[in-house]
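Have a look at the structure below before the remarks.
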Amino acid sequence: MTDMTMTHSAQPKARQENYYTASQWQLFWSRFKRNRLAALGGAVLSLFIFIALFAEFLAPYSGQADTRNPDYTAGPPQLIRFCDSAGCQLWPFVHDMTSSYSVLEKSYQVEVLEENGQPLRRPLQFFYPAGEYKLLGLIPSDRHLFGVEQGFVHLFGTDSNGLDLFSRVMYATRTSLSIAFLGVMLSFILSLFFGGVAGYIGGWVDTAIQAFTDLVRVIPPIPLYMALTAMFPRDWSNTQVYFAMTLVLGLVNWPTLARRIRSYLLASREEEYVQAARLAGASGWRIVVRHLLPGFASYIIVELVINFPYRILDETALSIVGLGLRRPTMSWGVLLQEMTTVQAIQLTPWFFIPLIFFVVAVLSFTLLGDGLRDAADPYSGIRR
Amino acid sequence: MATDPLLTVSNLSVRFHTDEGLVTAVDDLSFALQPGQTLGIVGESGSGKSVSTKALMRLLPDYAELDANSHIVYQTKKGAYVDIARLDARSKALKQVRGGEIAMIFQEPSAAFSPLYTIGNQMIEGIRLHRDVSRDQARKLAIEMLDRVGMTNPELRVDQYAFQLSGGMRQRAMIASALVMRPAVLIADEPTTALDVTIQAQILDLLKELQQDFGMAIIFISHDLAVISQIADDVLVMYLGKEMETGPVRRIIRHPQHPYTQGLINAIPRLEELDRPLLPIPGDIPSPLERPTGCVFHTRCPHAADHPRCHTDVPIPAQTQPDHLAACHLLTEKVLEETV
Amino acid sequence: MILSTASSSQANAAFWRFLATRLLVSLLTLLAVSFMIYGLIELMPGDYAERELFRKYSGTGVTITQAEIDRVRADLGLDRPFLVRYGEWLWNVVTRLDFGPAFRVETSVNALIGDKFFYTFVLVVGAMLISYIVAIPVGIWVASRKSGIGDGVVTLLSYLGLALPNFAIALVLLMLNAFVFDLDVTGLVSQEFRDAPWSMAKFLDFLGHAYIPLLVLGWSTTAFQLQTMRGLMKDEMGKLYVTAAQARGFSGWPMLIKYPARHAVMPIVSTIGFDFSRSFNELPIVASILVLGELGQELLLAFLDADQNTAAGILVCITSVIIAANFLSDLLVAALDPRVRMRGGR
Amino acid sequence: MTSPIVSVRDLQVHYPIGGGFMKGKPQTVRAVDGVSFEIYPGQIFGLVGESGSGKTTVGRAILKAAPITHGEVTLRVADTALHVDQLRGDGLKALRRHAQMIFQDPYASLSPRMTVRDIIAEPLEAMKLTRNREETDRRVREVAEKCRLNLEHLRRFPHAFSGGQRQRIAIARALVSNPSFLVADEAVAALDVSIQANILNLLKSLQQDMNLAFMFISHDLSVVAHFCDVVAVMYLGEIVEIAPTHKLFSQPAHPYTQALLSAIPPLDPDAKRDRVQLSGEIPSPITPPTGCRFHTRCPVAQPACQTIKPEWTQISGDHGVACHLVADHVDSTVPEHLQEQKKHAMPEC
């Protein structure tokens, strides 16, 4: 008993004062920091965002037909080596390899090229100048994180067209994350509008919006996706399909969030401190800005992060069955589409690599979202 | 009071594991309850009055920890002694204690009855757990008891749900559901706090009447000393999980010994003394995380400034009268003087 | 303060009124869904006549003339205004449950949907049953344990349910199958039964094939429900009525089931319709990987071909099932919760 | 005598519940059903009654926080009369400035995301009552000091404070715009006894300092007895008795007031009391009883009480009551059929 009190009185006064003068955001942050898994999720996620932002720099090739390696179709991943049968060296290198389909064997034949009876080494070059691009769409550059002077380097192997899978995964990460991001934002704007109007105005407007929301909710989204994506003309460009997809993801997914926003607003409108503000002469605008939004913001951020993995899932699932993005666009779903054939699975298991990226991304988003939610509302434990 | 006590609580301590650390909810509490006696436990929020009675029935939540030195010795109807604090959580003996020996009524009967089952269903369940009767007999007993607690149309009420009843009727049903198991001790946890004064008066009268009939002992918890004074024989005053003062109700109210009890009585507005100014106890109740050292009341005690001991040493309850104890250094000193 | 002291007859009336309202709203929803699908396809560029001719002559070098398109259009009745076509279709559906001709395969929509509707229904209902049968008892058990290990496992499972979705599991199964076992995981019935009429043998063959898609489809729902059930159960265990029941000496599994579990299961029961919708959602993806012939694929083809009758017919079927599930869940909730029964509505 | 600061004439607040699409006929809750009273400057006006009596709704209606179905509510400040029932726009601003409210739950009524300084400054900033930030800050410090708040704590957020301290913050917010009328709705009900006295004393000293008029709504008659000058007793949407505190507590005239008083447990267990035991509970405000609304529970009800609504009777200059039996006693021109009964039925005062 006494030692417990001791520890508390020993606590520096300043720390206590920090707690007392900590805003809800600061408390939120300190609670969040305590959750290791969520922090891990956040860290992994920032890596993904880094990949999405700097895909051109990270990828040695464009991943498109212009950097195709015709001698290495459906080639397995190349190991970064320091040693081979000819001995060791300090600088990392890869072997120059070829791969081609043998109709007789019904499999791909991989060979390591040799020079003077020794495997052909291709030393890795860092910050290697190759294809030009604009970093973040602004800064012109031709540097890539790594590359080889002659031949090709394929860390994740190549696909059946001989395109570098590593580069493709980098670009696909960008596409999948950005499409999910835009989809989430769009559905967020729609739900904010519908939910906000319903929750703030109430009355028959609320009833009408609720009825419409229920109608959209009762149709399973996939048939809706199908209907909407089937409407894309076949001759649309990749960009058009890309934006149409974000539109579809946004259009289909707003009702759930709209409902939550509505009930949140309805509940917080009745909070006593909001009533107190009204009686203090605060205008409707002031109540929204000073009292409803600050609480709402953390709630919304949590909701958005929690929704994110579902949109990634949607894009991937749709693209796998051929309803979403199509080649030559690169997205996780498009890359995974190649592996749905039994043959691909047997012969080229490295086509699974995008799946690992997908799983890790969804997992870290979920961890982060759960952590944020727990930090925002320490007493909620149920997802639904 | 020469009989053996029905319930002897000694050194009861309960701690909660919280995110902010270990919080002491009840600290070294000891008291005894005689058969047929009504003990009132009075205390403000955070005094641990409700936690300590939940501990008597081992109804504490998972994050609560009962101190190893705590003893809750109870004499069963059959005359055997059990230490409830030592009973296995799944033992038959504990199940018998819960309901069969000690029953409990709560502040919010609307939350204490499940809305999915009728009142009768939940009463019959309790009866059949403790008395060897058929379903029909149990139902009859339930109806009789509902009638006994003053509910109109008991045959109809038995098949109603708690949400169909008014607040007062719900509390009556709650009392009926506890007493129908014929407990030797009834723990009433703020049973009238949520009710209007007129209904509160009805319920207090009813409890007194039922105690006469059934002869059970009652532990009545309330934050309102006036309510306690109406029903209790003896009072235990708690503050921050500690026992401050205990004794017969009249002595506590007329001659309070502990500065906290004195402060409490001076702060209560009374109809009998309309012109007397209200004297608040200075300061605020400390947060459970910042438990004061020494006497837990010293941060608000008007005498503590002159007595450095109050800041450092925990006072031990001392007898001022044979049945009147108070835990205050000032009294201990005085008592010592007297005996010398 | 008692705001309403409704007698039981009044209460029942309120409940029946609630059910009637729900039924009416359901029918209106079906109407709106069919109209929406018809309308969406109408908005698509090109109609079925163009697609048919394109398919017929593609690669032959024949130029398609406008006259020919018009002729096919007239043959199929596609030259009539949209509302007339929709009205006729709707009339046949309402009066004879006839979804009209399917353009693409030159048979009736009813014949096209028939078996596939059954496969779909069995898969979806089966997957949901699996999830309930696993998730509810395990969720209750985990929540009732003091130690946090079960909690951790359940949380991990729920993360995996999301991060390893059904299609990923299907792919992994395909891979395992290729490398480890030699199982035929694709298809719903063996080749010899594909067009055969229903018989005991065909049914058993179907079951022999269906368990893999069932498990795949049930996986993420189960993971999700498990987490939900555990959370709900934990919440309910902290409620006062549970303490009160314990104070009466009631304990163990009977107590858990009678009080917290029955309360906790309520939100799950009330979202049966939503869960149905989600299963329908995941089926087409799984189906396309495991090459199952079910409604989702048919629907996709119908969309691609602008076949309004088929698309609307399939969607109406699926939506009916979801609406029926919603209705069923309303009834179940009312059966479980007297408050709903007496006040009408949730 | 000076003119009243608040006068309420035949106030009714009715609102519908239930109803809607296919949900049957909506019902009307008669939360407040014809209430009249006056509050004078510097007066503390107590409003008591059981839960469901409509006392909170009266308080809110005066501040236009509840819709006024019928009746007049007037607030007089600085020679102008604000007709609360017709206010909107700028008039409403004047009302908000001069009439404020203290809520019951100090945990729910303070925004968790604002510092104490911002909470107290809210009325000043929302209604732009100060010219600049310095003036606002000065005013906030002034009021905070008056409410015995530690000025160093103004930077803190509400989660740092206990119930009593929070209620002092709420009081400071209510007083910062220098109002002349305050509604305190169960302002001490959520507080512990030892803190409650503290807040009551603070309110009283502020009231004297600032010459405030108070409407003090409470279910706790002992608190009201200590704090208020005049007390009105409400039952089921109606006021049944108004009297100066001393009179009401020493000579309650209405059987309901008598029952309420006798239900309060005295601190001393041996205190003598004549219990007027009330049976049953307050009926629903949707279908209030006919005649005198209290007749279903009244221990001395007469047949006439079931059908005839009792008139408001002024027993003495400042003591009014609505009860047939009392009316008979005061006024000799009573209907003949009641004359006989009143002799037996007159409650002991």
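These figures come from a predicted structure and were not determined experimentally. Chain letters run A, B, ... following the sequence lines, proteins first, then strands; residues in each count from 1.
- Ring centers of A/Phe358 and C/Phe167: under 6.0 Å apart, within the cut-off.
- How far CG of C/Leu164 is from CG of A/Leu355: 7.0 Å, rounded to the nearest 0.5 Å.
- When side chains are defined from C-beta on, A/Val362 does not count as touching C/Tyr159, because their heavy atoms never get closer than 4.5 Å.
- Note that CG of A/Leu313 is 8.0 Å distant from OG of C/Ser220, once rounded to the nearest 0.5 Å.
- Within 6.0 Å of the CZ atom in A/Phe48, the count of heavy atoms belonging to other residues, nucleotides or ligands exceeds 12.
- Annotation: C/Phe327, atom CZ; neighbour count of heavy atoms from other residues, nucleotides and ligands within 6.0 Å is above 12.
- Contacts between A/Leu363 and chain C at a heavy-atom distance below 4.5 Å involve backbone atoms as well as side-chain atoms.
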